[in-house]
Amino acid sequence: MGERTASVSRDIKASPEAVWAAITDVTRMGEFSPECHTCTWKDDATGPAVGARFEGQNRNGDKEWSTEAEITECVPNRTFAFDGVFGDLRFSHWRYDIEPTADGCRVTESWEDGRPEEIIPMTAEISGVAERASHNTKGMEETLARLAAAVEG
């Protein structure tokens with residue numbers, strides 16, 4: 001089985017506040033992510049808070065699927081984290097850490113696989129992604145590049 005974690009960092013010439021605002025407005029995720037093209041808040045959620053849930057619509061080639069996520073950590077201008085959830089299963093953990101720098105901030109996006117080994121073949125069939133860590137690394141590089149393009153002056 002392949003790697004179960006991935007992480008990418010990028011220096012962005014924008015304030016932590018600007019980056020935080022973009023990342024935590026999940027309705028903008030389609031602007032940044034090459035896989036998640038649409039996100040909407042669920043239930044009564046209207047913004048980032050621990051316990052709030054949102055739904056993402058994802059696409060990889062001709063494969064399409066939706067996921068539900070629950071915010072697990074929410075520290076303004078510093079940390080935004082959420083788990084992909086399906087019932088009681090937390091199948092993925094995503095995290096954005098923002099560190100101030102002299103001319104903006106460094107953003108680190110990380111992912112951890114929470115899927116039990118026995119369901120990986122089924123999820124690979126749904127998404128068309130056999131090697132999730134390398135796929136997500138490439139996607140995170142693209143996400144952070146698009147984020148930088150959106151928030152940098």
Side-chain angles (χ1 to χ4, degrees), residues 2-61 63-87 89-115 123 126-129 131-153:
E3 291 292 318
R4 305 280 310 230
T5 62
S7 183
V8 173
S9 294
R10 183 183 179 105
D11 289 335
I12 296 179
K13 291 181 176 144
S15 69
E17 294 80 8
V19 169
W20 166 262
I23 290 170
T24 60
D25 180 356
V26 300
T27 64
R28 293 186 68 188
M29 188 53 69
E31 292 177 46
F32 312 131
S33 172
E35 186 169 278
C36 179
H37 61 82
T38 307
C39 265
T40 53
W41 292 108
K42 290 186 55 87
D43 306 320
D44 294 332
T46 57
V50 171
R53 289 188 175 221
F54 58 92
E55 183 174 328
Q57 301 297 322
N58 305 294
R59 183 182 304 120
N60 179 37
K63 305 279 188 177
E64 293 195 39
W65 69 100
S66 64
T67 56
E68 186 171 332
E70 180 181 328
I71 298 173
T72 58
E73 196 171 349
C74 189
V75 181
N77 309 320
R78 297 290 296 180
T79 304
F80 181 62
F82 55 90
D83 288 349
V85 295
F86 184 80
L89 174 64
R90 293 186 176 268
F91 59 85
S92 64
H93 180 70
W94 291 88
R95 180 180 182 98
Y96 294 86
D97 289 298
I98 305 167
E99 302 169 70
T101 61
D103 60 351
C105 59
R106 170 168 282 192
V107 180
T108 300
E109 182 179 6
S110 53
W111 162 84
E112 185 177 336
D113 196 345
R115 299 173 297 169
T123 61
I126 291 169
S127 67
V129 178
E131 176 44 57
R132 186 45 80 176
S134 60
H135 177 82
N136 284 356
T137 297
K138 183 178 177 212
M140 289 186 288
E141 289 168 349
E142 191 168 337
T143 296
L144 294 183
R146 290 177 179 182
L147 172 66
V151 298
E152 288 180 340

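Keep in mind the model is a prediction, meaning the values are calculated, not measured.
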- Measure the CZ-CZ distance between F86 and F91 for me, rounded to the nearest 0.5 Å. 9.0 Å

- Message: Within the structure provided, determine whether T72 and V50 are in side-chain contact (heavy-atom separation under 4.5 Å).
- Response: no

- Task: Apply salt bridge (Lys or Arg N to Asp or Glu O under 4.0 Å) to R53 and list each qualifying residue two or more places apart in sequence or on a separate chain.
- Result: E68, E70

- Query: Taking side chain as C-beta onward, heavy atoms only, is T27 less than 4.5 Å from C39?
  - Reply: no

- Positive for side chain to side chain donor-acceptor pair (under 3.5 Å) with E35, one of R59, K138, H135: H135

- Query: Under 4.5 Å between any side-chain heavy atoms of P48 and F80, yes or no?
  - Reply: yes

- Nearest 0.5 Å, what's the CD-OH distance between E73 and Y96? 14.5 Å

- Task: Give every residue pair that meets the ring-ring contact (aromatic ring centres under 6.0 Å, His included) criterion with at least one member in residues 12-57, sequence neighbours excluded.
- Result: W41-F54, F54-F82

- Note on the structure: The salt bridge (Lys or Arg N to Asp or Glu O under 4.0 Å) partners of E31 (sequence neighbours excluded) come to R28

- Query: How about S127 and W65: do any of their side-chain heavy atoms sit closer than 4.5 Å?
  - Reply: yes

- When rounded to the nearest 0.5 angstrom, what is the spacing between OG in S33 and CG in L147? 11.5 Å

- Quick one: which residue pairs count as a salt bridge (Lys or Arg N to Asp or Glu O under 4.0 Å) with a foot in residues 144-153, not counting sequence neighbours? E142-R146

- Would you mind reporting whether N77 and I98 have side-chain heavy atoms less than 4.5 Å apart? no

- Query: With sequence neighbours left out, which residue pairs that include part of residues 100-109 fulfil the salt bridge (Lys or Arg N to Asp or Glu O under 4.0 Å) condition?
  - Reply: D11-R106

- Query: Say you draw a straight line from SG of C105 to NZ of K13; how long is it, rounded to the nearest 0.5 Å?
  - Reply: 12.0 Å

- Under 4.0 Å between a Lys/Arg side-chain N and an Asp/Glu carboxylate O for R78 and E17? no

- Sequence-distant partners of E112, salt bridge (Lys or Arg N to Asp or Glu O under 4.0 Å), two or more places apart: none

- Within a strict 4.5 Å, meaning less than it, do heavy atoms of the D113 and T5 side chains meet? no

- Query: Donor-acceptor pair, T143 side chain versus G139 backbone, under 3.5 Å?
  - Reply: yes

- Query: For T108 and D97, does a side-chain donor sit closer than 3.5 Å to a side-chain acceptor?
  - Reply: no

- Looking just at side-chain N and O atoms, do R115 and T123 make a donor-acceptor pair shorter than 3.5 Å? yes

